[in-house]
Amino acid sequence: MQVLVIGSGAREHAVVRSLSLDPAVDAVIAAPGNPGIAQAALCEPLPGGVADADAVVALARRHAVDLVVVGPEAPLVAGVADAVRAAGIPCFGPSAAAARLEGSKAFAKEVMSVASVPTGMAHVCTDEDEVAAALDALGAPHVVKDDGLAAGKGVVVTDDREAAVEHARTCLAKPDGRVVVEEYLDGPEASLFCLCDGEAVVPLALAQDFKRVGDGDSGPNTGGMGAYSPLDWAEDGLVDDVVARIAQPVVDEMRHRGTPFVGVLYVGLALTARGPRVIEFNVRFGDPETQVVLARLRTPLGGLLHAAATGGLAGVPPLRWADEHAVTVVVAAEGYPATPRTGGMVEGLDEVPGAPDAYVLHAGTARADDGVLVASGGRVLSVVGLGTTLAQARSRAYAVVDAVRLAGSHHRSDIALAAERGEVSVPG
């Protein structure tokens, strides 16, 4: 099997790494990829960007690939998966119609309502008066979400009403701007990836990510500063419960609408005293949770994604998982998430311990004209550590982080620390 992976971040690097370890995968092509991905795959340019459907199809045909895996959300919402399937090539990723589950939070709420999925109360607002009424109705803490795609940074959770109104104002100023004002859901958060083939649902392992930029969950939201898996504090049966009450009903509802969901349904959860509640859906692998989930998956990834793309998940045997814990820590550029400073030299990667206990996945990196590795984005690297205990996995990840040198860079020092200390619990 030859596989084409679309994207250029650490999520795609994690996917490429796992595919390259699959004996059934002969070759991996990535577009556009990054310098880290280039060590395991052939990287091809996409001058028109990852949402250029014609270019993606042409590339898939030129390499005669057996499967296309679309990493980011923007090309999915733009219909790249539709074009690939129309060309007769299996594609792991939902259609544009099904990708509305991430492309519009209002649409996702409507689907959840019809499918009786547990989630927070919400108001869809199109002007400031409606926002004010919704904030008053739901009270603080205020949760205000941009209805459309915002790269994980479109959500504000605050006790400051004026800050909530200001975020809503910014979102409403966009063309066709809408916001969703939601009930605040208390309790620890968890992420569950569910592989879907339009009918069947196969869950992966739970993970928890860290959205805020600073230690102690301080500062603004980011695309994610780290993650860990498994969640030893989660209740037995939680995954089965989420599939039965959330993922399967949503997949069934999408099929009934004539827009079957094929790909990965990312279920973002708040584990409240009333049970799990959906915070959001994404329609692709989450970053940085993918980095820790795939680090532990022992079932070959290529065959698994191909089965999802071709309606064969019902025949997949139970997934196999390593007994290890995995932690990933994001090294971010100076100024991230507001105005990241790019162009800084990335050094020290040749000094890291290396797999299998720890390794580096590239996110925002590029090669300068002289071949030097430089930062090209806000989140520059994802460092993954594995261990027989969470403490060991954390220690190995942070040892590598300490070896990386990028002027002005920053990272969180408390990824998975509360879980290591046994301080995470679901409210009773």
Side-chain angles (χ1 to χ4, degrees), residues 6-7 9-12 14-15 18 69-77 81 92-95 98-105 107-109 111-112 115 117-119 145 148-155 185 188-198 200-211 221-224 226-231 234 238-239 241-243 245-251 253-254 261-271 276-297 301 304-305 308-309 313 319 328 382:
I6 304 301
R11 163 186 50 217
E12 287 77 31
V15 170
S18 289
V69 178
V70 182
E73 61 272 25
L76 293 168
V77 171
F92 182 80
S95 64
R100 289 184 69 205
L101 284 172
E102 180 170 358
S104 169
K105 292 174 179 61
F107 174 74
K109 284 290 188 182
V111 170
M112 282 188 264
V117 166
T119 187
K145 298 181 177 180
L149 298 180
K153 290 171 275 191
V155 181
L185 297 172
E189 296 184 9
S191 304
L192 182 66
F193 301 149
C194 296
L195 305 184
C196 312
D197 65 4
V201 174
V202 174
L204 300 186
L206 287 163
Q208 186 180 63
D209 78 327
F210 296 77
K211 287 291 187 196
N221 271 343
T222 70
Y228 68 99
S229 180
L231 309 186
L238 176 60
V239 169
D241 187 39
V242 171
V243 170
R245 297 175 60 209
I246 297 171
Q248 192 67 61
V250 167
V251 169
E253 174 61 22
M254 296 300 285
F261 189 93
V262 176
V264 60
L265 181 66
Y266 167 126
V267 184
L269 298 161
L271 304 180
R277 296 287 185 270
V278 175
I279 298 173
E280 66 174 352
F281 288 137
N282 292 331
V283 298
R284 36 71 191 181
F285 284 119
D287 184 339
E289 297 98 323
T290 300
Q291 288 87 299
V292 291
V293 171
L294 293 189
R296 299 182 52 242
L297 180 65
L301 185 64
L304 198 53
L305 301 188
L313 280 181
L319 303 188
T328 188
S382 277

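In what follows, every heavy atom counts, from backbone to side chain, and hydrogens, waters and symmetry copies are set aside.
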Within-4.5 Å side-chain heavy-atom neighbours: [X] and [Y]:
| X | Y | answer |
| --- | --- | --- |
| Leu319 | Leu304 | yes |
| Met254 | Val111 | yes |
| Leu271 | Leu238 | yes |
| Pro72 | Glu12 | yes |

- prompt: Have Lys211 and Thr222 got a donor and an acceptor in their side chains that come within less than 3.5 Å?
  reply: no
message: Is it true that Glu289 and Tyr266 share a donor-acceptor pair across their side chains at a distance under 3.5 Å?
response: yes
Considering all heavy atoms, the nearest [X]-[Y] contact:
| X | Y | value |
| --- | --- | --- |
| Ala200 | Gln248 | C-OE1, 4.5 Å |
| Cys194 | Val201 | CB-CG1, 3.7 Å |
| Gly198 | Val262 | N-CG2, 3.9 Å |
| Pro276 | Leu269 | CB-CD2, 4.2 Å |
| Val250 | Leu101 | CG1-CD1, 4.0 Å |
| Pro288 | Gly226 | CG-O, 3.4 Å |

Any side-chain to backbone donor/acceptor pair from [X] onto [Y]? Under 3.5 Å, distance only.
| X | Y | result |
| --- | --- | --- |
| Thr119 | Val278 | yes |
| Asp197 | Ala309 | no |
| Thr328 | Val292 | no |
| Glu102 | Val283 | yes |
| Arg11 | Phe285 | yes |

field: Verdict with supporting geometry, Val70 and Arg284, side chain to side chain contact (heavy atoms under 4.5 Å, CB included)
entry: CA-CA 8 Å; Val70 182; Arg284 36 71 191 181; over 6 Å; no
Within this structure, what is the [atom1]-[atom2] distance for the pair [X] and [Y], rounded to the nearest 0.5 Å?
| X | Y | atom1 | atom2 | answer |
| --- | --- | --- | --- | --- |
| Leu305 | Leu195 | CG | CG | 6.5 Å |
| Asp287 | Glu73 | CG | CD | 9.5 Å |
| Ser229 | Asp209 | OG | CG | 12.0 Å |

task: Taking only Lys NZ, Arg NE, NH1 and NH2, and the carboxylate oxygens of Asp or Glu, determine whether Lys145 and Glu280 approach each other closer than 4.0 Å.
output: no
task: May I ask you to check if Arg100 and Phe107 form a cation-pi contact, with NZ or CZ under 6.0 angstrom from the six-membered ring centre and within 45° of the axis?
output: yes
Derivation of the side chain to side chain contact (heavy atoms under 4.5 Å, CB included) call for Phe193 and Val267: CA-CA 6 Å; Phe193 301 149; Val267 184; over 6 Å; no
query: What do the steps show when you test Ser191 against Gln208 for side chain to side chain contact (heavy atoms under 4.5 Å, CB included), and what is the final call?
result: CA-CA 6 Å; Ser191 304; Gln208 186 180 63; over 6 Å; no
query: Please walk me through it: do Phe281 and Ile246 pass side chain to side chain contact (heavy atoms under 4.5 Å, CB included)?
result: CA-CA 10 Å; Phe281 288 137; Ile246 297 171; 3.9 Å; yes
